[in-house]
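What follows is a single structure, written as structure tokens, with notes after it.
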Amino acid sequence: SVWDPLVVACGLASGGVRFALAAQAKLYEQAWPGDLLAFETCVEDEAQHWRGIRVRIGIHFGEVDVEFNPVLCRYDYFGSTVNRAARTEAACVPGMVAVTPSVLEELRNEGGGDTLWRADGGGGDRVWAGPPLDAAVVALERPGVTMNGFAGDITLHMLLPEALQGRANFAREWLRAKASAATAAPPPPKTENPLRALDADRYTPGRPASAESAETALRPVRQGVFARLRFSFERGVMEGAEASAPLHAMIGKVLNGL
């Protein structure tokens, strides 16, 4: 965990994407507190498959620098791959999973070079139903994405499990609004994130008893996918939820069960 985002390392691209899609589905299925659902960005909408918090997940594939942290009893990851995953998450539609071209290429390699997409799923969406995911995944493109610290621009794909395809309409409107805003005016200054004091320990059940046992038991990922998750909260949402329920524990239970 890095402040309020969570960073997940996985050796296979397919494993990272499956985790991210399952996380979105499980978060939607949760029985969130009633006062949390009263907020505009958390209200239940069965037609568009919204309920509770909206999470952005960005995934990138590549090599990383890794070293063991004896204080936290875990491995820390550094380098451009981790930074690219962070930039990808920031460019993601809330409630979806954004992947870079390198992730798609690695998925092709895992699937034996099979065709990545099948016929359009309607509304300009593309749907993946083949290996290595072997599941229907709705995808929308976001072309021309520039990222701080990286040259040029890339096309990101926004993914959804088919069970949440109702969010595609929201995603198309969100992407159109972002494209219009980019040509109309410079972005507003960033504001402080209300979840900056997130306690990482709440997401780490069963921490090893010592640094030595952790370093022996854990296997670092030298090359793989790095998924970064961030919760799309406004300050009022967080304060209202924390007043009535241990929200962090609920989220941790969802992700730890995947």
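Every value quoted in this text rests on a predicted model; they were computed, and no experiment measured them. For reference, positions follow the sequence shown, starting with 1.
- Side-chain atoms of V55 and P94, non-hydrogen and from C-beta on, never get closer than 4.5 Å to each other.
- In terms of modelled atom types and a separation under 3.5 Å, the side chain of T81 and the main chain of V64 share no donor-acceptor contact.
- Listed by first then second residue, pairs satisfying salt bridge (charged side-chain N to carboxylate O under 4.0 Å, His left out) with a partner in residues 140-157 read R126-E141, not counting sequence neighbours.
- I154 is listed as a side-chain neighbour of P101, based on a closest heavy-atom distance under 4.5 Å.
- Residues R54 and T41 approach most closely at NE-O, 3.1 Å, considering heavy atoms.
- Rounded to the nearest 0.5 angstrom, F170 CZ and L160 CG are separated by 10.5 Å.
- Here the shortest heavy-atom pairing between A91 and V145 reads CB-CG1, 3.9 Å.
- Going from atom CG of L104 over to atom OG1 of T155 covers 10.0 Å, rounded to the nearest 0.5 Å.
- Between E106 and V17, the closest side-chain pair of non-hydrogen atoms is not below 4.5 Å.
- Atom NE2 in H49 sits 10.0 Å away from atom CD in E162 (nearest 0.5 Å).
- Pairing each heavy atom of L36 with each of G52, the nearest pair is CD2-CA, 4.0 Å.
- Nearest heavy-atom pair, I57 versus A23, reported as atom, atom and distance to 0.1 Å: CD1-CB, 4.3 Å.
- Checked against side-chain hydrogen bond (donor to acceptor under 3.5 Å, both in side chains), D45 has no partners two or more places apart in sequence or in another chain.
- Taking the centre and axis of the six-membered ring of W174, the NZ or CZ atom of R172 falls outside the cone set by 45° and 6.0 Å.
- Within the 3.5 Å criterion, the main-chain N or O of Y75 finds no donor-acceptor partner in the side chain of E67.
- Legend: residues meeting side-chain hydrogen bond (donor to acceptor under 3.5 Å, both in side chains) with T100, ordered by chain and number and at least two apart, are H60, S102.
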Practice task
Quick one: do L133 and S14 satisfy side chain to side chain contact (heavy atoms under 4.5 Å, CB included)? Show the steps, please.
Solution key: CA-CA 6 Å; L133 297 182; S14 57; 4.2 Å; yes
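- Atom CG of residue L140 and atom CZ of residue R167 lie 13.0 Å apart, to the nearest 0.5 angstrom.
- Cluster membership for V66 and F68, using ILVMFWY side-chain heavy atoms within less than 4.5 angstrom, is shared.
- For residues 79-96, the salt bridge (charged side-chain N to carboxylate O under 4.0 Å, His left out) pairs, not counting sequence neighbours, are R56-E89, E89-R228, E89-R230.
- Taking 4.5 Å as the limit, some side-chain heavy atom of R51 sits within range of a side-chain heavy atom of L37.
- Shown here for G15 and C10, the closest heavy-atom pair between the two residues is C-SG, 3.7 Å.
- In this structure, V138 and L159 have side chains that are not in contact, with every pair of non-hydrogen atoms separated by 4.5 Å or more.
- Side-chain contact between I53 and W32 is present, with at least one heavy-atom pair separated by less than 4.5 Å.
- Between K26 and Q30, the shortest heavy-atom contact is O-NE2, 3.0 Å.
- Contact annotation: the side chain of F150 approaches that of N83 to within less than 4.5 Å [non-hydrogen atoms, C-beta and beyond].
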Problem - Stepwise side chain to side chain contact (heavy atoms under 4.5 Å, CB included) check, V99 with L156 - result: CA-CA 6 Å; V99 299; L156 297 179; over 6 Å; no
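- Within the structure, salt bridge (charged side-chain N to carboxylate O under 4.0 Å, His left out) pairs that include any residue of residues 9-20 do not occur (at least two apart or interchain).
- At least one side-chain heavy atom of Q24 sits under 4.5 Å from a side-chain heavy atom of L164.
- Every residue was checked against the side-chain hydrogen bond (donor to acceptor under 3.5 Å, both in side chains) condition with E29, not counting sequence neighbours, and none meets it.
- The CG atom of N69 lies 6.5 Å from the CZ atom of R74; values are rounded to the nearest 0.5 Å.
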